[in-house]
Amino acid sequence: LDGLLKGKFRGCMLGTLLGDCLGAPFEGEPGSKVVVQKFFEKIDAPYKKSPQKTYTDDTAMMKSIAKCLIDKPSMDFKYLANLFVKEYYNEPRRGYGENVVQVFHKLRSSKFEDIYKPAREQFHGTGSYGNGGAMRVAPIPLFFNNNYEAMIEAATQTTRITHTHSIGVNGALLQAIAIHQSLMLEPNEKVDHQIYTKKLIEKMKAIETDDIHDLHDHTPYQTQLKKVSELLKLESSKKEVTEDEVVALLGNSIAALHSVPTGIYCYLKAQNEISGINTDNPFRRTIQYAISLGGDTDTIAAMAGSIAGAHYGEECIGENLMKHCEFVDEIIEMADELYKVTPKSIIKC
Ligand code: R7I
Ligand code: MG
Ligand code: MG
Ligand code: MG
């Protein structure tokens, strides 16, 4: 059991890294199954030498969350704000969101006096609804796998350093909950997508309680998850759903509402074969399909990849794909360190 959970920590964090590195070259593109299949055929082959893909802000910020938990397992959010800012100023060209950099500037110039104030001021005081909170959250459900309430609290506070809009925060919570749910599964077990989405909807019911004043729908994530569930149900009755239909229904943008449920859909759909995606490996199928949707490819693949990695574990992540990504060894080391400081769990896999 010990080894199993350790492999799931690695799988989950590598899922973020690989989705990010392999998705980044396609970010902002319209999406094409054929082009992405060719790309994966090229890199998922032995002895293939090609330049490594670099990671972006998604992984950069996930690293900071993991480091914070490793250095301060009691969770020090001011320390985390410092790590985000330090990481950004060390390597500002990692493709950060256009507006989040203002938060880093303000945090630094205010000497971290109120770590939540700069994020609150974003977008004329509404806060950001971008997917930046969700994309980096993976270490939180790993570390708090044994304490759901603490996971929710920590995921909320880590997100609020940059994103205070309820859509931004609740997107990060949904992503954390999905990882947590998949961590509990047997690696070879196929999960029933109707039960899986129903559980997510129930948990979001407890979260989407406050009035969201600038939206007509006060339970937007539950609405999105119902669409995910309907799509998967349709497909089990052998209906083909095209990428265009998925994007039109669920979205593929940098908005958390239009990317977090999409990532969950990619993970669940990719448990089974997908036409035009030629691989037997469900981890590769997950990120390859996510990238085929176009749009915010690095982030949707990173989110879907971390859920898939939490389910299948590192065994499922192919050597060939890893060889094409920067920072793999460092992420494995971090996952192991995080595992070491994680309170011993009673998790049932
Ligand atoms: O959410 P964030 O960290 O960006 C993450 C994305 C991922 O795709 C990464 O891979 C990287 O490419 O960026 O950064 P933010 O700047 O807070 O939000 C991202 C974008 O979402 C903003 O630049 C806006 O375009 C949009 N956005 C909003 N637009 C209008 N009103 C976010 N919140 C709002 C809003 O309230
Ligand atoms: Mg990115
Ligand atoms: Mg971008
Ligand atoms: Mg992105």
Side-chain angles (χ1 to χ4, degrees), residues 15-31 53-65 80-81 83-85 87-88 91-107 115-138 155-156 158-175 212-215 220 247 251-263 266 287 290-306 325-327 331:
T16 297
L17 177 73
L18 266 67
D20 181 15
C21 288
L22 301 178
F26 301 94
E27 196 182 21
E29 292 196 5
K53 306 293 173 203
T54 52
Y55 68 79
T56 76
D57 58 326
D58 305 59
T59 302
M61 297 193 85
M62 177 190 73
K63 269 166 56 184
S64 294
I65 293 184
L80 178 60
L83 291 177
F84 282 158
V85 167
E87 175 73 37
Y88 170 71
E91 296 188 317
R93 287 176 208 286
R94 286 277 183 187
Y96 284 86
E98 266 169 54
N99 290 275
V100 72
V101 299
Q102 293 168 21
V103 175
F104 301 141
H105 294 311
K106 286 184 185 173
L107 280 170
I115 57 165
Y116 302 114
K117 185 163 175 269
R120 275 200 303 269
E121 291 171 353
Q122 292 293 89
F123 300 96
H124 308 287
T126 62
S128 172
Y129 56 58
N131 54 21
M135 72 187 185
R136 68 191 185 218
V137 83
T156 303
T158 59
T159 300
R160 286 183 60 240
I161 298 171
T162 51
H163 295 66
T164 60
H165 195 296
S166 62
I167 290 284
V169 174
N170 292 350
L173 294 182
L174 175 58
Q175 174 65 16
I212 301 170
H213 294 292
D214 53 345
L215 287 171
V247 171
N252 65 355
S253 75
I254 44 170
L257 186 61
H258 301 117
S259 51
V260 179
T262 312
C266 293
I287 59 173
I291 297 167
S292 301
L293 293 177
D296 194 2
T297 48
D298 63 334
T299 305
I300 298 174
M303 295 190 296
S306 62
C325 299
E326 174 191 16
F327 217 66
I331 288 295

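Just follow the structure's listing: the first ligand is 1, and inside any ligand the first atom is 1.
Screening Asp20, Asp58, Thr56 against Thr299 for a side chain to side chain donor-acceptor pair (under 3.5 Å) leaves a single residue, Asp58. Of the candidates Met303, Arg136, Met135, Met303 is the only one forming a side-chain contact (heavy atoms from CB on, under 4.5 Å) with Gln175.
Using modelled atom types and a 3.5 Å distance limit, the side chains of Asp296 and Asn131 yield a donor-acceptor pair.
Using a cut-off of 2.8 Å, one finds that Tyr96 contributes no N/O/S atom close to the Mg ion (ligand 2). Residue Asn131 does not count as close to the Mg ion (ligand 4), with no N, O or S atom under 2.8 Å. Coordination check, Asp296 versus the Mg ion (ligand 4): passed, since an N/O/S atom of the residue sits under 2.8 Å.
Proximity of a side-chain donor or acceptor of Thr16 to a complementary backbone N or O of Thr59 within less than 3.5 Å is not detected. Under the 3.5 Å distance criterion, the side-chain polar atoms of Asn252 are matched with a main-chain donor or acceptor of Leu293. Between the side chain of Thr159 and the main chain of Ala155, a donor-acceptor pair closer than 3.5 Å is present. Under the 3.5 Å distance criterion, the side-chain polar atoms of Gln122 are matched with a main-chain donor or acceptor of Asn99.
Within the 4.0 Å heavy-atom criterion, the part of His163 lying near ligand 1 is the side chain and not the backbone. Using a 4.0 Å cut-off between heavy atoms, Asn131 contacts ligand 1 through both its backbone and its side chain. Residue-level proximity to ligand 1 for Asp20 is absent, since no heavy atom of it falls below 4.0 angstrom. At a heavy-atom distance under 4.0 Å, only side-chain atoms of Phe123, from C-beta outward, approach ligand 1. Residue Asn99 touches ligand 1 through backbone and side chain together, judged by heavy-atom distances below 4.0 Å. Contact annotation: for Val100 versus ligand 1, heavy atoms closer than 4.0 Å belong to both the backbone and the side chain.
The side-chain tip of Arg94 points at the ring of Tyr55 from less than 6.0 angstrom away and within 45° of straight on.
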Given side chain to side chain contact (heavy atoms under 4.5 Å, CB included), test Ser259 with Ile254 step by step and report yes or no. CA-CA 7 Å; Ser259 51; Ile254 44 170; over 6 Å; no
Would Phe84 and Phe104 count as a ring pair (Phe, Tyr, Trp, His ring centres under 6.0 Å) if you check the C-alpha gap in whole Å, the side-chain angles of each, and the deciding distance to 0.1 Å? CA-CA 8 Å; Phe84 282 158; Phe104 301 141; 7.0 Å; no
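Between Asp296 and ligand 1, an N or O atom pair is found at a separation short of 3.5 Å. For the pair Met135 and ligand 1, the shortest N or O to N or O distance does not fall below 3.5 Å.
Under the 30°/60° scheme for interplanar angles, the aromatic rings of Phe123 and Tyr129 are found to lie parallel.
Near Asp57, meaning under 4.0 Å from any of its heavy atoms, are these atoms of ligand 1: 9 (C), 10 (O), 11 (C), 13 (O). Short contacts between ligand 1 and Thr126, defined as distances under 4.0 Å to a heavy atom of the residue, involve ligand atoms 36 (O). Against a heavy-atom cut-off of under 4.0 Å, Glu98 is close to the following atoms of ligand 1: 16 (O), 23 (O). Close approach to Gly95 involves these atoms of ligand 1, each under 4.0 Å from a residue heavy atom: 11 (C), 12 (O). Counting the atoms of ligand 1 from 1 in the order shown, those under 4.0 Å from a heavy atom of Ile254 are 6 (C), 8 (O), 19 (C), 20 (C), 21 (O), 25 (O), 26 (C).
Within Asp298, the N, O or S atom lying nearest to the Mg ion (ligand 2) carries the name OD2. Closest to the Mg ion (ligand 2) among the N, O or S atoms of Asp57 is OD1. Residue-level check: among N/O/S atoms of Asp58, OD1 sits closest to the Mg ion (ligand 2).
Rounded to the nearest 10 degrees, the angle OE2 (Glu27) to the Mg ion (ligand 4) to OG1 (Thr299) equals 170°.
With respect to the salt-bridge test (charged N to carboxylate O, under 4.0 angstrom), the residues Lys63 and Glu87 qualify.
In this structure, Gly127 counts as a contact residue of ligand 1, since one of its heavy atoms falls inside 4.0 Å of the ligand.
Of all the listed residues (Ala256, Ser128, Gly130), Ser128 holds the heavy atom that lies closest to atom 15 (P) of ligand 1.
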